[in-house]
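One structure below.
For this chain, numbers begin at 1 and follow the sequence in order.
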Amino acid sequence: MDPDDIPMKFIPVKVLLVEAVGPDGTVQGQSVTASRSWPEEALAMTEESLTALVRQRYPGAVEYRSLGWKDTEIQVPEDEEPTGPDAAGRPQRS
């Protein structure tokens, strides 16, 4: 099947970007993660973990900036099965 023929759908996600900023103010690197509808406590733990990962990857940075969780949507194949917390029986949004 041609990839352009695969039926797709949009699902809501939260996206987090953490940046490592150098002494001259330029972004030395960044990392991003996405989550379906996790509880706030899990989002906070994920943010801490991602920030720690960026600190490890870019130890010469003088600042590590979390740009916070943003709501957005991603496109996935229609037949994709949910994974993570939503797969455990939590209500799905369509």
Side-chain angles (χ1 to χ4, degrees):
M1 177 181 269
D2 186 327
D4 292 334
D5 295 335
I6 297 172
M8 303 294 279
K9 65 181 177 183
F10 287 93
I11 59 170
V13 295
K14 291 184 174 291
V15 176
L16 173 68
L17 178 71
V18 177
E19 298 179 327
V21 181
D24 62 354
T26 61
V27 175
Q28 293 180 335
Q30 55 191 355
S31 189
V32 66
T33 191
S35 166
R36 300 244 359 232
S37 55
W38 288 356
E40 289 300 317
E41 303 84 39
L43 293 175
M45 288 175 47
T46 302
E47 186 169 353
E48 289 174 17
S49 296
L50 188 62
T51 302
L53 177 67
V54 171
R55 285 180 191 273
Q56 271 186 316
R57 286 186 182 163
Y58 306 99
V62 296
E63 180 184 3
Y64 300 92
R65 279 194 299 237
S66 170
L67 302 184
W69 289 98
K70 307 291 183 207
D71 291 317
T72 190
E73 292 181 331
I74 60 172
Q75 196 173 19
V76 298
E78 272 187 10
D79 62 354
E80 179 185 273
E81 293 296 319
T83 59
D86 291 329
R90 290 177 44 172
Q92 297 286 313
R93 292 187 284 172
S94 48

Practice task
First locate atom CG of L16, then atom OG1 of T46, and finally report the distance between them rounded to the nearest 0.5 Å.
Solution key: 8.5 Å
Problem - Between CG on residue L17 and OG on residue S66, distance to nearest 0.5 Å - result: 8.0 Å
Practice task
Give the cluster check for V18 versus L53: same hydrophobic cluster or not, with ILVMFWY residues linked at side-chain heavy-atom distances below 4.5 Å.
Solution key: yes
Practice task
Check the hydrophobic clustering (I, L, V, M, F, W, Y; side-chain heavy atoms under 4.5 Å; chains of links allowed) and say if L67 and V27 are grouped together.
Solution key: no
Completion exercise
Between A20 and V54, the two heavy atoms sitting closest are CB-CG1, 3.7 Å
Handout entry: Interatomic spacing from OH in Y64 to OG in S31 - rounded to 0.5 Å
Key = 13.0 Å
Fill in the blank from the handout: One should read off an interatomic distance between K14 NZ and E47 CD, to the nearest 0.5 angstrom, of 11.5 Å
Practice task
May I ask you to check whether over 12 heavy atoms, not counting those of M8, lie within 6.0 Å of atom CE?
Solution key: yes
Handout entry: Minimum side-chain heavy-atom gap V13-W69 below 4.5 Å
Key = no
Handout entry: Test item: Q28 and P23 side chains (from C-beta on) under 4.5 Å apart, heavy atoms
Key = yes
Exercise for the section: Please answer: with hydrophobic residues joined when any side-chain heavy atoms are less than 4.5 Å apart, are L50 and V21 in the same cluster? Expected result: no
Exercise for the section: Looking only at non-hydrogen atoms, find the nearest pair between G29 and Y58 and report the distance. Expected result: CA-CZ, 3.5 Å
Practice task
State whether E78 and K9 are salt-bridged, where the test is any N-O pair (Lys NZ or Arg NE/NH1/NH2 against Asp/Glu carboxylate O) under 4.0 Å.
Solution key: no
